[in-house]
Amino acid sequence: MKVNKVEMIMSAVRPEQYPETGYPEFALAGRSNVGKSSFINRMIGRKSLARTSSKPGKTQTLNFYEIEDQLYFVDVPGYGYAKVSKTEREAWGQMIEQYLTGREPLKAVLLIVDLRHDPSEDDCMMYEFLVHYNIPTIVIATKADKLKRGQIATNRKRIKKVLNMRPEDELIVFSSETKVGIEEAWKAIEKYR
């Protein structure tokens with residue numbers, strides 16, 4: 001998809017705040033600092049619409065990015081970040097769960113993982129949650145530019161195995177630095193629109 005028009009239209013914490021356009025929505029889930037903002041920025045061809053931060057745990061709301069008056073990327077708070085109080089984490093958990101399980105325009109979740117490492121326990125729990133609720137999932141393995149070609153194939157296999165991925169869910173190797181995986185990611189998204 002060629003992206004010319006994109007804007008961050010709102011941050012929401014409750015269903016009554018969500019947009020009402022009915023455009024298909026694609027949620028981005030992943031642990032803090034895995035590269036969700038960099039993924040969004042690369043996919044939409046912008047340098048810093050989605051704020052990247054050296055401090056993990058910065059996103060605390062559901063951030064809706066409207067793309068070409070056709071669809072939304074919805075950035076959800078990253079999980080697995082320790083410096084947030086337990087109460088706050090639980091509140092985020094409820095907000096995310098309510099969104100993922102009850103939002104009709106949600107077409108798929110892009111689960112962002114780091115290609116260099118095995119999926120964390122939190123990644124596995126998130127994937128199991130998505131499988132349990134039968135939510136289509138596209139796994140995006142970021143930071144491909146940091147690995148050699150042979151390592152990419154090996155790590156790709158390991159991620160699929162550790163997550164115990166469903167055959168219908170795609171795993172896309174991605175790099176926001178070298179632009180690897182952009183076309184594949186858009187193709188995977190298009191299938192669910």
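Grouping the Ile, Leu, Val, Met, Phe, Trp and Tyr side chains by contacts below 4.5 angstrom, directly or via other members, places V162 apart from V173. The same ILVMFWY cluster, assembled from side-chain heavy atoms under 4.5 Å apart, contains both Y192 and I172. By the rule that hydrophobic residues join a cluster once side-chain heavy atoms approach within less than 4.5 Å of another member, L163 and M125 end up as members of separate clusters.
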Could you go through K107 and R193, starting from their C-alpha distance and side-chain angles, then the distance that decides it, and tell me whether this counts as side chain to side chain contact (heavy atoms under 4.5 Å, CB included)? CA-CA 7 Å; K107 300 301 178 197; R193 279 183 53 200; 5.9 Å; no
Determine whether E190 and K187 satisfy the following criterion, salt bridge (charged side-chain N to carboxylate O under 4.0 Å, His left out), listing intermediate values before the conclusion. CA-CA 5 Å; E190 289 295 328; K187 272 186 200 143; over 6 Å; no
The test is side chain to side chain contact (heavy atoms under 4.5 Å, CB included); show your working for Y72 and M10 and say whether it passes. CA-CA 11 Å; Y72 292 107; M10 70 173 57; over 6 Å; no
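Note on ring orientation: taking the six-membered ring where Trp is involved, the planes of Y18 and F64 are tilted (angle from 30° to 60°).
Just one of K160, R158, R156, K161 meets the salt bridge (Lys or Arg N to Asp or Glu O under 4.0 Å) condition when paired with D118; it is R158.
Atoms CG and CZ, on L130 and R166 in that order, are 7.0 Å from each other to the nearest 0.5 Å. In this structure, M126 CE and E121 CD are separated by 13.5 Å, a value rounded to the nearest 0.5 Å. In this structure, CZ on R42 lies 5.5 Å from CD1 on I182, to the nearest 0.5 angstrom. From R46, atom CZ reaches atom OH of Y65 across 12.5 Å, with rounding to the nearest 0.5 Å. Considering CG of D169 and OG1 of T137, their distance stands at 4.5 Å, rounded to 0.5 Å. I140 CD1 to M43 CE: the interatomic distance, rounded to the nearest 0.5 Å, is 6.5 Å.
Pairing each heavy atom of M1 with each of Q70, the nearest pair is CE-OE1, 3.3 Å. Nearest heavy atoms, L100 versus A27: CD2-CB, 4.0 Å. In terms of heavy atoms, M95 sits closest to P77 at CE-CG, 3.6 Å. The shortest heavy-atom contact between L28 and D75 is O-OD1, 4.1 Å. Residues V113 and V34 come closest through the heavy atom pair C-CG2, 3.6 Å. Shortest non-hydrogen contact noted between V139 and M165 is CG2-CE, 3.7 Å.
Listed by first and then second residue, the ring pair (Phe, Tyr, Trp, His ring centres under 6.0 Å) pairs that reach into residues 170-190 are F39-F174, F73-W186, sequence neighbours excluded. Within the structure, no pair that satisfies the salt bridge (Lys or Arg N to Asp or Glu O under 4.0 Å) test touches residues 124-145, not counting sequence neighbours.
Residues P19 and I9 are in side-chain contact: their nearest non-hydrogen atoms beyond the backbone lie under 4.5 Å apart.
Residue-environment remark: CD (E20) stays at or below the threshold of 12 foreign heavy atoms within 6.0 Å. Applying the 6.0 Å contact sphere to CD of E68 captures more than 12 heavy atoms from other residues, nucleotides or ligands.
Using modelled atom types and a 3.5 Å distance limit, the side chains of S120 and D123 yield a donor-acceptor pair.
Using modelled atom types, no side-chain atom of E66 and backbone atom of V6 make a donor-acceptor pair closer than 3.5 Å.
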